[in-house]
Amino acid sequence: MNRTARLVVFALGAGALAVLFVAALLKMPAFGADVHPYRDATMIAALLRRAPNVVTSINFDQRGLDTFGEETILLASVVGATTLLRPGSDERRRTPPGDGRMLHATRLAGYVLLPVTLIVGADVVVHGHLTPGGGFQGGVVLATGLHLAYVAGRYPALRRLRPLDWYEYGEATGMGAVVALGIAGLVAGAGFLANILPTGIFGSLVSAGTVPLFSVAIGIEVASGVVVLLAGFFEQDLAVRLRPKEDVA
Amino acid sequence: MTALVLIMIGLVAVGGTVVACTGDPKRQAVTLSVYGLLLGVLFLLLAAPDVALSQVAIGSAVVPLMVLLAVRTVRAERARRR
């Protein structure tokens, strides 16, 4: 496609988007207005199920099916990306090089922040129904926190912290737990992923019914999935080399 | 509050433009990370801390890391195949 054709395609797309965008903006309620029908509906539903954090109540209870779909998409993308990143027939695995050269300050910061980040991540997962956060955010914090071992300059250390098999099992277990939770709702006669457990006392750690269970399952799945995904990139970059010519024949 | 929100919207607009105008993907990963942080602060000001957390974790940490690793893999691949 030459430059003119590309510009024409862009102008068509941008023009259509601009028209739709302006049309949508004209019909929107004013910024910061007082009337929010969805807020009122979800607030009541969340409070009835004893979940102070309404956003998590929507994600893991009121619209649990949407979250289930999103996590399935994440699982499929991780599987697809790792399939693409596996060593080809003309490549072989090798031992990755040891530690690179790093500023001592960077190394220290990496090692000090590693446990802190892991604790924060676990906290965000477990308290999803009480404070901002939940399985998805906490899972990503856990997975990125682990990679501080690499920021500290040691890929072999990251590899030891990250027995990849276990993260693959973790990803499957997390997703499987969500499916099991959904089927439990069906068996109880309340519907797929319905909140079937007692909701407990408002604001306590074990409350809001299935919301914390769903959140922890998603946390395991997301943390493992992101680790497996990044591991695919790291291994391809550091631990895979072209097979020497004589080997191929 | 509204003034703060307006300032952040302005900063986000500037940040987005800088990301779009950065040519080299390696540098773009860094500007994208800063842009993600600005967007996170804006979400926080608009009373959406859950979205802000996701934005900072994904937009400022995971995506730039993936971009950098992908750029490195592609470069190494090109150097090898030459």
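Each chain gets a letter, A, B and so on, in the order the sequences are listed, and its residues count up from 1. All values below were derived from every heavy atom in this structure, side-chain atoms included, with hydrogens, water molecules and symmetry-related copies excluded.
- If you measure heavy-atom distances from A:N59 to chain B, you find no contacts under 4.5 Å at all.
- Counted within 6.0 Å of CZ on A:R39, heavy atoms from surrounding residues, nucleotides or ligands total more than 12; the atom is thus considered enclosed.
- Expressed to the nearest 0.5 Å, how far OG1 of A:T144 lies from CG of B:L65 amounts to 9.0 Å.
- Chain A forms more heavy-atom pairs under 4.5 Å with one residue of B:A61, B:A57, B:S54, B:A48 than with any other, namely B:S54.
- Side-chain contact between B:L69 and A:Q236 is absent, with no heavy-atom pair separated by less than 4.5 Å.
- Within the 4.5 angstrom heavy-atom criterion, no atom of A:L85 approaches chain B.
- Side-chain contact between A:F136 and B:I58 is present, with at least one heavy-atom pair separated by less than 4.5 Å.
- Between the side chain of B:D50 and the backbone N or O of A:V55, no donor-acceptor pair lies under 3.5 Å.
- The choice from B:A47, B:A70, B:A52 that makes the most heavy-atom pairs within less than 4.5 Å of chain A is B:A70.
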